[in-house]
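Remarks on the structure that follows.
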Amino acid sequence: INKDSAAQQTGLLIFGVVLSVLLQETFRFAYYKLLKKANEGLLTLSQEETMPISIRQLAYVSGLGFGFMSGAFSVVNILADSVGPGTVGIHGDSQHYFLSSAFMTMAIILLHMFWGVVFFDACERQRWWAVAAVVISHLLVSCLTFRNPNYVASLVPTYIILFLMGVWAFYTAGGSLRNLKLCLTCKDKDFLLANHRPR
C-alpha cells in the first residue's frame, strides 16, 4: 500500500465504506432472523395467541439501536478530531465541519430507524426490492459523504433521502394522513383516553 498515492487511498476509502454498509445490512438481516426466532419462542412459551411484541415494534427498536451505535461511532471520531492537533478551518477549509457533522449524525440516526422499519417489513412480506432499496439508499448516503467538505452537496441529498424514507417508514408502520391529522390536532380520542391519568 502506497501511502503517498491519493488515488489508492481514495480507492481504499471507498472500498471500506461499501464493505461497512454491506456488513451493517447483513447484520440487520441476521438480527431480524434472530428476533423473529426469539419472538416465535416467546409465543410458544406464553399462553397468548398473538406475539408478545409486534415485528413493527422490533423494527423500530432495532433501527433506533443501529442508529445510536452509528451515531456514537461518528461522535467519537468527531470528538477525536476536535482535540487536535490543528484547528479546523485555519487554512481556508470550511469552518462548519462540526456543525455539518452533527447534522449528518442526526440524519444517520433517524435513517437507521426508518431503514429498520422498512427492512423488517420487507423481510416479513418477502419484498426483496424494498430490501434492495434500503441497502442502495444506505450506500448512497454513505457515499455522499465523499462530497465533503462541500457540505451542501452531501447534506441536502441526505435530508431529501431522510424525508422520503421517513414517509415510507410512516406508511409501512401503518400511518395515514387521517391518523397524522388526528394526532396533530389532538382529536384522537383512543390515544387521549389511553393516556388519561386521573388526578
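Please read these numbers as outputs of a predicted model, since none were measured by experiment.
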At what distance, to the nearest 0.5 angstrom, does [atom1] of [X] lie from [atom2] of [Y]?
| X | Y | atom1 | atom2 | value |
| --- | --- | --- | --- | --- |
| R56 | E124 | CZ | CD | 10.0 Å |
| L140 | T158 | CG | OG1 | 7.5 Å |
| L111 | M113 | CG | CE | 9.5 Å |
| K181 | S176 | NZ | OG | 11.5 Å |
| R28 | C123 | CZ | SG | 10.0 Å |
| L110 | T105 | CG | OG1 | 11.0 Å |

Do Y151 and Y97 touch side chain to side chain, with heavy atoms closer than 4.5 Å?
->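 Counting from C-beta outward, Y151 and Y97 do come under 4.5 Å.
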Check whether any side-chain heavy atom of M69 sits under 4.5 Å from a side-chain heavy atom of H112, and report yes or no.
->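 When only atoms from C-beta onward are counted, H112 and M69 do not touch, as no gap falls below 4.5 Å.
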L79: which other cluster members, linking ILVMFWY side chains closer than 4.5 Å, directly or transitively?
->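 V75, which link up through side-chain heavy atoms under 4.5 Å apart, make up the rest of the cluster.
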Would you mind listing the cluster partners of V17? Hydrophobic ones only (ILVMFWY), side-chain contacts under 4.5 Å, chaining allowed.
->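 Answer for V17: L13, I14, V18, V21, L22, V135, L139, F146.
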[X]: which residues meet the side-chain contact (heavy atoms from CB on, under 4.5 Å) condition with it, sequence neighbours left out?
| X | result |
| --- | --- |
| V156 | V152, I160 |
| T172 | V117, V118, D121, W168 |
| F68 | L64, I109 |
| Y171 | V167, L177 |

What residues, two or more places apart in sequence or in another chain, satisfy side-chain hydrogen bond (donor to acceptor under 3.5 Å, both in side chains) together with S100?
->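 Here no residue qualifies.
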Does S74 have any side-chain hydrogen bond (donor to acceptor under 3.5 Å, both in side chains) partners at least two apart in sequence or in another chain, and if so, which?
->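 For S74 there are no side-chain hydrogen bond (donor to acceptor under 3.5 Å, both in side chains) partners, ignoring immediate neighbours.
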Assess whether atom CZ of F170 is packed by more than 12 heavy atoms of other residues, nucleotides or ligands within 6.0 Å.
->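 Counting other residues, nucleotides and ligands, CZ of F170 exceeds 12 neighbours.
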Neighbour count >12 (heavy atoms, 6.0 Å) for atom OH, Y159 =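 For Y159, atom OH is crowded (more than 12 foreign heavy atoms under 6.0 Å).
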Tell me whether I136 is reachable from L162 by hopping between hydrophobic residues (I, L, V, M, F, W, Y) whose side-chain heavy atoms are closer than 4.5 Å.
->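 In one cluster with L162: I136, no.
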Find out if a path of hydrophobic residues (ILVMFWY) with successive side-chain heavy-atom gaps under 4.5 Å connects F73 to M106.
->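 F73 and M106: separate clusters.
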Under the salt bridge (Lys or Arg N to Asp or Glu O under 4.0 Å) rule, collect the residues that match up with R178, sequence neighbours excluded.
->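 For R178 there are no salt bridge (Lys or Arg N to Asp or Glu O under 4.0 Å) partners, ignoring immediate neighbours.
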Give the minimum heavy-atom separation between A59 and G116, together with the two atoms involved.
->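 For A59 and G116, the tightest heavy-atom pair comes out as CB-O, 3.5 Å.
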Flag, side chain of S70 to backbone of F66, donor-acceptor distance under 3.5 Å =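 No, because the side chain of S70 does not come within donor-acceptor range (under 3.5 Å) of the backbone of F66.
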Sequence neighbours left out, what pairs pass ring-ring contact (aromatic ring centres under 6.0 Å, His included) with at least one residue falling in residues 9-44?
->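 ring-ring contact (aromatic ring centres under 6.0 Å, His included) check on residues 9-44 returns Y32-F120.
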Any pair counted as side-chain hydrogen bond (donor to acceptor under 3.5 Å, both in side chains), so long as it reaches residues 134-146, sequence neighbours left out |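 Non-adjacent pairs meeting side-chain hydrogen bond (donor to acceptor under 3.5 Å, both in side chains): E25-H138, W115-S137.
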